[in-house]
Amino acid sequence: VLVVDEDEEALSILRGAVGPQGGRLHITPSPAVALDLLREASFDLVIANSSLPGISGLLLLREIRRTYPSLPFLLMSSHPTVEEAVEAMRLGAVDYVGKPLCPQRLSLLLNRLSAGKRGRAVTDLLIAASPAMQQIFQIITRVAATDATVFITGESGTGKEVVAQALHQLSKRREKSYVRVNCAAVPDTLLESEFFGHEKGAFTGAHARKMGRFESANGGTLLLDEVTEIPTTLQPKLLRALQEREFERVGGTQPLQVDVRVVATSNRNLEQALRTGLLREDLYYRLNVIPLHLPPLRDRREDILPLARHFLAGEKQLADEAAAALLAHDWPGNVRELANVIQRSSILADQEVIRELRF
Ligand SMILES: Nc1ncnc2c1ncn2[C@@H]1O[C@H](COP(=O)(O)OP(=O)(O)O)[C@@H](O)[C@H]1O
Ligand SMILES: [Mg+2]
């Protein structure tokens, strides 16, 4: 990132936003030096102050556009005006922001730009406005690019599965398969075969060889949904598969190798699950490489209205009193409950405006 400014406050906010995303800042107060630097190296983004020695930020933008028509450019101003904003956008600036800079807005812009190079952004897949979720968005963006195992925890309905999908969508594995095993829904006796597959005749009812979920997910992402529901007897086998990326089909003798990225979720309190022996400690450590905890919706109320609008999808409007009621509710069922309330209220409202909520 090339920064053309000398305002220490702005520079320190920029350092705080760019550094954690693995970016590097090149700083100069001089537009002439900035143009020289652009000739010498390749930059992903230019951030400039609107008033600069000798020339305005807008003029610098116009100058840069001549040679670099698509280089993202962000203009900042201590005294933002509508006219300058309009002119900056007309010249193709990616954003025009007032000082002091908002770190969250900067992080989102950086996310968008770096994801733009890869195709998609986390903000295309998930809705959130709260600082807590913005921080999670940053982690998702960074971790998606790796093969690290992610363990997503949070109450039911907080969005664990959508986050798992986002991790896959934003990864280089997105063209490959995304396979989910709902560990809570498969009977204990069938879970091993569900994971690893079985050979013909391995057990009563095994009429043909069957591929397991680990094999189907080869090259892609495997979601172990509600992993704390796996019986303790099966946990050592799962541990081995995670450690070695190797397993045998039930009734088989030949070890199979796979390349899968593993994401796990649980809505349980993990400390308690460990204490009561529900989850083996060795498996926990193997899964918990990157922990991601999704806070309950009642602890991130800034997300309620953006999510509600997302679920309304422009079909109906929310009256002020309905919006207030949404904000006041405690949402024990989290985002899933909100989606249901919005859908129900929208269907039952006889006008274009929703005044009454159906909880
Ligand atoms: N941040 C979000 N943005 C958009 N939709 C969300 C978000 N979080 C949750 N949802 C929606 O809420 C519902 C519940 O999410 P889900 O991932 O199934 O929760 P969990 O697995 O934690 O129980 C789904 O319909 C999902 O699409
Ligand atoms: Mg779920």
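A quick note: this is a predicted structure, and the numbers were derived from the prediction, not measured. Order of listing sets the numbers, starting from 1, for every ligand and every atom in it.
Of the protein's heavy atoms, Phe311 CZ, 4.0 Å lies nearest to atom 5 (N) of ligand 1. Atom 18 (O) of ligand 1 has Arg336 NH2, 2.9 Å as its closest protein atom, hydrogens excluded (heavy atom only). Summary of contacts: the protein heavy atom closest to atom 27 (O) of ligand 1 is Val162 CG1, 3.4 Å. The nearest heavy-atom contact from the protein to atom 21 (O) of ligand 1 is Glu161 N, 3.3 Å.
The closest approach between Ser156 and ligand 1 falls below 4.0 Å for a heavy atom of the residue. At least one heavy atom of Gly157 sits less than 4.0 Å from an atom of ligand 1.
Contacts between Leu307 and ligand 1 below 4.0 angstrom, taking non-hydrogen atoms only, involve the side chain exclusively.
Using a distance-only test at 3.5 Å, with no hydrogens or angles considered, a donor-acceptor pair links the side chain of Arg173 to the main chain of Gly220. Listed for the Thr265 side chain is a donor-acceptor partner under 3.5 Å among the backbone atoms of Glu226.
The residue from Ala129, Ala339, Gly159, Ser130 that puts a heavy atom closest to atom 19 (O) of ligand 1 is Gly159. The option with the heavy atom closest to atom 6 (C) of ligand 1, from among Val335, Ile152, Leu125, is Val335.
Leu37 places a side-chain heavy atom less than 4.5 Å from the side chain of Leu2. By the 4.5 Å heavy-atom criterion applied to side chains, Phe203 and Ser193 are counted as neighbours. A heavy-atom distance below 4.5 Å is found between the side chains of Leu338 and Leu297.
Every atom of ligand 1 is numbered from 1 in the order shown, and the set under 4.0 Å from a heavy atom of Ile127 is 1 (N), 2 (C), 3 (N), 4 (C).
Counting only heavy atoms, the protein never gets under 4.0 Å from atom 25 (O) of ligand 1.
Salt-bridge formation is detected for the pair Lys99/Asp5: a Lys NZ or Arg NE/NH1/NH2 atom is positioned less than 4.0 Å from an Asp or Glu carboxylate oxygen.
Between Lys160 and ligand 1, an N or O atom pair is found at a separation short of 3.5 Å.
Residue Leu234 is tested with Thr189, Asp188, Leu191, Leu239 for a side chain to side chain contact (heavy atoms under 4.5 Å, CB included); the sole match is Leu191.
Glu161 contributes OE2 as its N, O or S atom closest to the Mg ion (ligand 2).
Classification of the Phe247-Phe214 ring pair by plane angle, with boundaries at 30° and 60°, yields tilted.
A side-chain N or O of His329 and one of Glu337 form a donor-acceptor pair less than 3.5 Å apart.
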